[in-house]
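What follows is one structure encoded as structure tokens, with my remarks underneath.
In the text below, chain A, chain B and the rest are named by the order of the sequence lines, each starting its count at 1. If you're wondering where the values come from, they're calculated on a predicted model, not measured in any experiment.
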Number of protein chains: 2
Amino acid sequence: MKLSKGNSEAAPRTVDDRLFLQSVERAMRALEAFGQQARPLSLAELAAATGMDRSAAQRIAHTLQALGYLERAGGGTGGQGLVPGKRLLDRSFDYLRMNPLVERATPILQELRRTTQERVDLSLFDGTSVIYAVRLQSKRETFFATLVGRRMPTFGSSGGRAMLAALPAAEAEAILEQSDRRRMTPKTVTDLPGLRAKIAEAQRDGFALSLEEALLGEVVLAAAVLDAQRRPVAAIHVAGSLSEWDVEAFRRRIGPLAMEAARALSQAAPEGLTPR
Amino acid sequence: MKLSKGNSEAAPRTVDDRLFLQSVERAMRALEAFGQQARPLSLAELAAATGMDRSAAQRIAHTLQALGYLERAGGGTGGQGLVPGKRLLDRSFDYLRMNPLVERATPILQELRRTTQERVDLSLFDGTSVIYAVRLQSKRETFFATLVGRRMPTFGSSGGRAMLAALPAAEAEAILEQSDRRRMTPKTVTDLPGLRAKIAEAQRDGFALSLEEALLGEVVLAAAVLDAQRRPVAAIHVAGSLSEWDVEAFRRRIGPLAMEAARALSQAAPEGLTPR
DNA sequence: TATGCTTGTATCGTTCAACGATACGAAAAA
DNA sequence: TTTTTCGTATCGTTGAACGATACAAGCATA
């Protein structure tokens with residue numbers, strides 16, 4: 001049924017949970033439907049995509065529309081399907097504003113962006129996927145498909161690998177195995193031995209480097225940000241173009257900078273407290 | 001019958017609506033509570049902030065947590081309140097991805113950013129406020145408090161005024177009057193005559209210019225983006241620093257560029273079809 | 001023109017999902 | 001210590017939500 005996406009829920013939903021609100025789940029599923037079908041959906045399509053009947057879809061769409069979380073596609077005039085509503089941006093804003101990591105990251109990322117003159121990203125760890133939370137594009141950036149909120153598979157993202165390298169081996173292995181290891185470019189490493197080697201490399205170097213694995217012509221280097229328990233929560237990425245960089249030079253020049261930025265962002269563990 | 005005891009919403013909802021799902025509204029209100037209180041909320045606080053009892057808050061928090069739209073503040077370990085969940089970023093991503101305006105805007109904004117070397121924003125019209133949907137920061141940007149999803153009052157944003165200038169006078173006037181015209185800086189224009197003059201100026205020039213009205217030391221120029229019905233739907237902003245720009249030079253240099261970009265992004269009305 | 005299939009919208013009995021009160025142990029605060 | 005507040009769990013009641021159904025408008029196809 002549900003393929004392993006970036007699910008990071010604490011408790012797997014037990015079947016009959018007296019505290020679980022069915023209609024709320026339905027509402028969120030309705031919003032999530034647009035993650036799959038990136039086009040305006042009619043009520044019937046929405047019902048089909050979420051597995052509910054027309055009536056339920058009608059009630060939910062009506063409610064979400066009244067609240068501003070769904071909008072008519074035509075812009076209000078012609079009723080030609082539903083699309084996500086602007087209100088969703090507010091909720092995302094709240095998330096970013098409340099995340100202390102994002103807040104603290106901003107000046108550090110800017111400084112890194114200034115010294116490297118390259119694109120700098122902050123991604124958040126979320127199980128089998130990572131989410132881009134901040135992007136500071138480089139001045140000569142031409143490619144811009146990626147937006148805040150975009151998910152990337154953990155296994156295939158340099159930041160993801162940097163974070164896997166900071167996890168206990170068993171956990172990292174579990175994530176690799178749960179992942180849908182799909183190729184993004186011909187150079188994406190997808191086999192388990194290869195990935196384990198990349199992670200070991202990241203453990204040795206203190207940063208992960210991926211070469212054209214997400215986008216051809218691009219080299220990305222990332223270092224993990226740790227919380228007070230020394231667990232990875234985020235990663236700082238620096239992306240450069242192969243038309244301007246030699247890989248070894250990139251590694252030597254950017255690696256220390258990214259690691260220093262990640263360390264500055266990591267929460268220092270209190271003395272005497274060792275991670276269990 | 002429980003009539004709204006603590007209905008503190010601003011949204012005018014028609015009262016007894018057989019299709020309106022109470023629990024969905026409660027769930028969204030729970031998420032919205034963090035827009036007001038930007039800190040982790042306990043169940044009791046959440047209940048108080050949304051006007052529901054403890055039990056309702058418990059059920060809703062439990063459900064939203066299971067779905068990933070709420071998270072424990074401590075990072076899962078210590079149970080010290082709730083914060084918005086990462087999943088919210090996905091929904092926001094869906095919105096931006098599905099918005100054809102944002103998609104088409106990206107290359108145009110990049111080009112504008114490249115030629116002006118200044119910060120370029122795209123904001124979306126939403127009644128008395130505008131929402132920033134895209135931000136391309138300038139290379140020397142130091143100030144970064146603003147994130148995607150941030151709302152600004154329409155009356156006090158240069159983009160908002162550019163859009164008001166493109167609206168029928170009655171509608172623009174209605175928005176001005178409904179607005180909470182609060183000062184953001186000492187230079188914010190908040191009186192109706194002054195605002196009408198600024199809008200008239202925008203109609204004359206084809207762009208709006210605001211001087212230190214949102215942030216001291218900053219000059220912002222914006223042009224409205226129109227849809228096929230010639231109604232404003234968005235605005236393109238260019239922001240410069242007064243330490244580097246003379247206002248008149250900024251107007252002369254940036255004005256035409258912003259207008260051209262906005263025109264390129266506007267949907268040309270088909271020939272022979274006049275807006276009704 | 002008729003016809004068939006959408007679309008969005010509205011109505012209506014039935015019933016179970018959601019309701020609100022309440023209780024409990026742990027942790028934090030006083 | 002006591003008191004308060006935290007998160008969590010239970011339970012009988014009931015009305016909010018359910019799903020079936022109907023209808024008009026729009027738009028193709030026949």
Side-chain angles (χ1 to χ4, degrees), chain A residues 9-30 33 37 39-67 70-83 85, chain B residues 1-7 13-30 33 37 39-67 69-83 85:
Chain A
E9 75 281 19
R13 253 198 60 223
T14 50
V15 230
D16 65 295
D17 189 332
R18 305 284 301 277
L19 291 176
F20 193 84
L21 300 191
Q22 179 194 71
S23 52
V24 172
E25 178 184 36
R26 285 174 159 183
M28 302 323 277
R29 298 284 178 239
Q37 308 274 331
R39 61 192 169 84
L41 295 180
S42 72
L43 277 182
E45 288 173 318
L46 208 130
T50 54
M52 44 185 160
D53 59 54
R54 291 167 180 287
S55 295
Q58 180 188 13
R59 280 191 294 272
I60 285 169
H62 177 81
T63 306
L64 289 175
Q65 221 179 318
L67 295 172
L70 281 180
E71 292 175 8
R72 310 220 78 105
T77 56
Q80 42 197 332
L82 296 160
V83 292
Chain B
M1 195 60 177
K2 52 191 143 309
L3 274 191
S4 50
K5 47 191 84 166
N7 253 354
R13 238 201 65 229
T14 49
V15 223
D16 69 291
D17 189 333
R18 304 283 303 277
L19 291 175
F20 193 84
L21 300 190
Q22 178 195 74
S23 54
V24 172
E25 178 185 34
R26 286 174 159 185
M28 302 323 277
R29 298 283 178 236
Q37 308 275 331
R39 62 193 169 84
L41 295 181
S42 73
L43 277 183
E45 288 173 317
L46 208 136
T50 56
M52 43 185 160
D53 59 53
R54 287 169 180 287
S55 294
Q58 180 187 14
R59 282 191 293 271
I60 285 170
H62 176 81
T63 306
L64 288 175
Q65 221 180 318
L67 296 172
Y69 293 100
L70 280 181
E71 292 175 8
R72 311 221 76 108
T77 56
Q80 43 198 332
L82 297 162
V83 291

[X] [atom1] - [N] [atom2] separation (whole Å):
X: B/Arg72; N: D/dC6; atom1: CZ; atom2: C1'; answer: 10 Å
X: A/Leu82; N: C/dT9; atom1: CG; atom2: C1'; answer: 13 Å
X: A/Leu70; N: C/dG8; atom1: CG; atom2: P; answer: 12 Å
X: B/Leu43; N: D/dG7; atom1: CG; atom2: P; answer: 5 Å
X: A/Met52; N: C/dA17; atom1: CE; atom2: C1'; answer: 16 Å
X: A/Gln22; N: D/dA17; atom1: CD; atom2: C1'; answer: 8 Å
X: A/Arg18; N: C/dA18; atom1: CZ; atom2: P; answer: 11 Å

DNA chain D contacts made by residues 56-64 of chain A, counting heavy atoms under 4.0 Å: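 Hits under 4.0 Å, by residue number: A/Arg59.
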Closest-nucleotide 5' rank along DNA chain D - winner of A/Leu19 and B/Leu21: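 Here A/Leu19 is the residue nearer the 5' end.
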Indicate whether OP1 or OP2 belonging to C/dC19 is found under 4.0 Å from a side-chain N or O atom of B/Arg26.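 For C/dC19, OP1 or OP2 has a side-chain N or O of B/Arg26 closer than 4.0 Å.
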Among B/Arg26, B/Gln22, B/Arg59, which residue satisfies the side-chain contact (heavy atoms from CB on, under 4.5 Å) criterion with B/Met52?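 That would be B/Arg26.
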Testing the basics here: between B/Leu70 and B/Ala61, what is the closest heavy-atom pair and its distance to 0.1 Å?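 It is CD1-CA, 3.9 Å.
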Taking all heavy atoms of A/His62 and all of B/Phe20, pick out the closest pair and write down the distance.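 For A/His62 and B/Phe20, the tightest heavy-atom pair comes out as CD2-N, 4.0 Å.
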Report yes if some heavy atom in the side chain of A/Arg54 is under 4.5 Å from a heavy atom in the side chain of A/Leu43; otherwise report no.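 Not touching, per the 4.5 Å side-chain cut-off.
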Nearest to the side chain of [X], which nucleotide is it out of [options]?
X: B/Ser42; options: D/dG7, C/dC12, C/dC19; answer: D/dG7
X: A/Asp53; options: D/dG19, C/dA18, C/dG8; answer: D/dG19
X: A/Ser55; options: C/dA18, C/dG13, D/dG19; answer: D/dG19

Flag, side chain of B/Thr63 to backbone of A/Leu21, donor-acceptor distance under 3.5 Å: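 Yes; at least one donor-acceptor contact below 3.5 Å.
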With nearest nucleotide decided by heavy atoms, which residue, A/Leu41 or A/Val24, maps closer to the 5′ end of DNA chain C?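 Looking at the nearest nucleotide for each, A/Leu41 comes out on the 5' side.
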Taking the nucleotide of DNA chain C with the nearest heavy atom to each, does B/Arg54 or A/Glu45 sit closer to the 5' end?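 In this pair, the answer is A/Glu45.
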Name all residues meeting the side chain to side chain contact (heavy atoms under 4.5 Å, CB included) criterion together with A/Ala33; count only those two or more places apart in sequence or in a different chain, and write none if there are none.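 Here the qualifying residues are A/Leu41, A/Ala49, A/Thr50.
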I'd like to check the side chain to side chain contact (heavy atoms under 4.5 Å, CB included) partners of A/Ala48; sequence neighbours left out, ordered by chain and number.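 For A/Ala48, no residue satisfies side chain to side chain contact (heavy atoms under 4.5 Å, CB included) once neighbours in sequence are set aside.
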To the nearest 10°, give me the bend of the helix from C/dG4-D/dC27 to C/dA30-D/dT1, comparing the axes of its five terminal pairs at either end.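 End-to-end axis angle: 40°.
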For C/dA18, does the base pair up with any side-chain atom of B/Ser23 as donor and acceptor (N or O, under 3.5 Å, distance only)?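 No such pair is found, so the answer is no.
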Partners meeting side chain to side chain donor-acceptor pair (under 3.5 Å) with B/Ser23 (sequence neighbours left out):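 Counting only residues at least two positions away or on another chain, B/Ser23 forms a side chain to side chain donor-acceptor pair (under 3.5 Å) with A/Ser23.
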Can you pull out every salt bridge (Lys or Arg N to Asp or Glu O under 4.0 Å) where at least one residue sits in residues 41-53 of chain A? Sequence neighbours excluded, please.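 Sorted result for residues 41-53 of chain A: A/Arg39-A/Glu45.
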Should B/Gln37 and B/Leu46 be marked as a side chain to side chain contact (heavy atoms under 4.5 Å, CB included) after you check the CA-CA gap, both sets of side-chain angles, and the distance that decides it? CA-CA 10 Å; B/Gln37 308 275 331; B/Leu46 208 136; over 6 Å; no
